[in-house]
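Data first, discussion second: the structure below is written as structure tokens.
All ligand and atom numbering here is 1-based and tracks the order in the structure.
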Amino acid sequence: MATQNPFIPYIHTADETLNPDQSALGNYLFMNQRRSVRDFSDKPVPETVIRNLILAAGTAPSGAHKQPWTFCAVSNLELKKAIRKAAEKEEFDNYNGRMSEEWIRDLAPLGTDWKKEFLEIAPWLIVVFKRPFDLRDGQKFKNYYVSESVGIACGFLIQAIHEAGLVCLTHTPSPMNFLHKILDRPEEEKAFLLIPVGYPSPHALVPDIKRKKLDEIATFYR
Ligand code: IYR
């Protein structure tokens, strides 16, 4: 193999004691209990937990291993309030004319509206930024498959949040360039997802939605 970098032996952590049959089924059953939650408790979550969740997200594969992501973890109440205010301003316009009638109809079963109190109540907001390029010493370095990479990292993050017994919401206020301003991010970053993280409120309700069956999402070519 043509490479300038040293290679090291792959450590296969899933040894013979792990049974793929059982693990795959167990993981599916566990992940099938994950729900997007909008009713958060204000119960604090230690920063150490958030740090480890972000470390897990950062293990995602990325184009040319460029790791084109930045995770901003916000627990500061003033910043959370500013984010809520700006998000609600955009969402008010979205729900009052910017979204199509079809879109509003599609959202009706989820019971969403322009009010986003969870942005203040959840103990942490993880704002994920993508980095289409890196800037070092005024020079631009291109990143590859940026949305794919950051999307996968967010998937890892959401799984880690569920594994930790916490809940989250993949929130996409639109447009979300206000996050760039409020968090004073460098010019090369673009807001990608806003993920409130915390414990569910004891009274949290979630919509009674169903997941597609396997034969609706997969085709096997044997
Ligand atoms: N961004 C809006 C609307 C919204 C859009 C989709 I697609 C959703 O799955 C949920 C909501 C909001 O956050 O309310």
Side-chain angles (χ1 to χ4, degrees), residues 31-42 45 50 53 57 69-130 146-162 166-183 185 189-201 203-213 216-217:
M31 290 311 293
N32 198 31
Q33 292 174 331
R34 186 205 58 80
R35 295 299 310 265
S36 291
V37 168
R38 291 181 169 77
D39 289 334
F40 285 84
S41 153
D42 62 1
V45 170
I50 301 298
L53 294 175
W69 42 63
T70 302
F71 300 89
C72 295
V74 181
S75 65
N76 178 286
L77 185 59
E78 292 317 307
L79 283 175
K80 287 197 297 180
K81 280 184 177 166
I83 290 172
R84 174 184 176 181
K85 197 168 167 214
E88 286 186 334
K89 185 170 176 288
E90 295 297 352
E91 293 300 345
F92 184 87
D93 292 347
N94 289 338
Y95 282 88
N96 290 282
R98 267 203 313 224
M99 285 191 288
S100 65
E101 272 174 35
E102 181 185 12
W103 198 348
I104 297 276
R105 231 181 301 123
D106 281 341
L107 287 178
L110 305 182
T112 60
D113 60 26
W114 63 270
K115 292 190 221 92
K116 304 295 174 193
E117 45 274 273
F118 55 76
L119 292 174
E120 221 173 293
I121 297 170
W124 289 95
L125 305 180
I126 301 182
V127 188
V128 185
F129 288 87
K130 65 178 182 183
V146 171
S147 294
E148 291 85 345
S149 304
V150 183
I152 295 166
C154 288
F156 278 33
L157 180 63
I158 292 163
Q159 158 122 15
I161 289 166
H162 183 56
L166 300 169
V167 296
C168 70
L169 177 68
T170 42
H171 180 40
T172 50
S174 171
M176 55 176 155
N177 37 5
F178 64 85
L179 293 164
H180 190 274
K181 278 195 210 95
I182 292 174
L183 299 176
R185 299 310 305 163
E189 291 187 357
K190 253 188 96 77
F192 184 77
L193 265 188
L194 171 45
I195 308 184
V197 183
Y199 289 94
S201 136
H203 317 291
L205 297 175
V206 291
D208 184 18
I209 52 173
K210 302 282 175 266
R211 294 196 161 109
K212 288 182 177 176
K213 295 186 175 49
E216 295 173 283
I217 63 170

Note to self: Donor-acceptor pair, distance only, cut-off 3.5 Å: does the side chain of Trp124 make one with the backbone of Val45?
What the structure shows: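 Here the side-chain-to-backbone pair exists.
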Of all the non-hydrogen atoms in the protein, which one sits nearest to [atom], and at what distance?
atom                    : value
atom 1 (N) of ligand 1  : Glu91 OE2, 3.0 Å
atom 3 (C) of ligand 1  : Tyr95 OH, 3.4 Å
atom 7 (I) of ligand 1  : Trp103 NE1, 3.6 Å
atom 11 (C) of ligand 1 : Leu107 CD2, 3.8 Å

Item checked: Heavy-atom closest pair, residues Leu169 and Phe118 ->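 In this case the closest contact between Leu169 and Phe118 is CD2-CZ, 3.5 Å.
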Item checked: Atoms of ligand 1 close to Lys116 [distance to a heavy atom under 4.0 angstrom, numbered from 1] ->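 It comes down to these atoms of ligand 1: 12 (C), 13 (O), 14 (O).
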Checklist line | Subset of ligand 1 atoms that lie under 4.0 Å from at least one heavy atom of His171 | finding: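 With His171 as reference, the close atoms of ligand 1 come out as 13 (O).
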Checklist line | Val127 side chain reached by Ile182 side chain, heavy atoms, under 4.5 Å | finding: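 When only atoms from C-beta onward are counted, Val127 and Ile182 do not touch, as no gap falls below 4.5 Å.
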Item checked: Residue pairs, two or more places apart or on separate chains, that pass salt bridge (Lys or Arg N to Asp or Glu O under 4.0 Å) and touch residues 90-112 ->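 Checked against salt bridge (Lys or Arg N to Asp or Glu O under 4.0 Å) - neighbours excluded - the pairs reaching residues 90-112 are Glu90-Arg98.
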Notebook entry, point to check: Where on Trp114 is there a heavy atom closer than 4.0 Å to ligand 1, on the side chain, on the backbone, on both, or on neither?
Noted result: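 For Trp114, there is no contact with ligand 1 at all, from either part.
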Checklist line | Part of Asn94 within contact of ligand 1 (heavy atoms, under 4.0 Å) | finding: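 No part of Asn94 is near ligand 1 at this cut-off.
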Next item on the list: First locate atom CG of Leu107, then atom CG of Asp113, and finally report the distance between them rounded to the nearest 0.5 Å.
Entry: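 If I round to the nearest 0.5 Å, the distance is 10.5 Å.
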Side-chain donor-acceptor contacts of residues 189-200 below 3.5 Å, not counting sequence neighbours, with atom names and distances?
from, atom 1, to, atom 2, distance (Å)
Glu189, OE1, Arg185, NE, 2.7
Glu189, OE1, Arg185, NH2, 3.2
Glu189, OE2, Thr70, OG1, 2.8
Glu189, OE2, Arg131, NH1, 2.7
Glu189, OE2, Arg185, NH2, 3.2

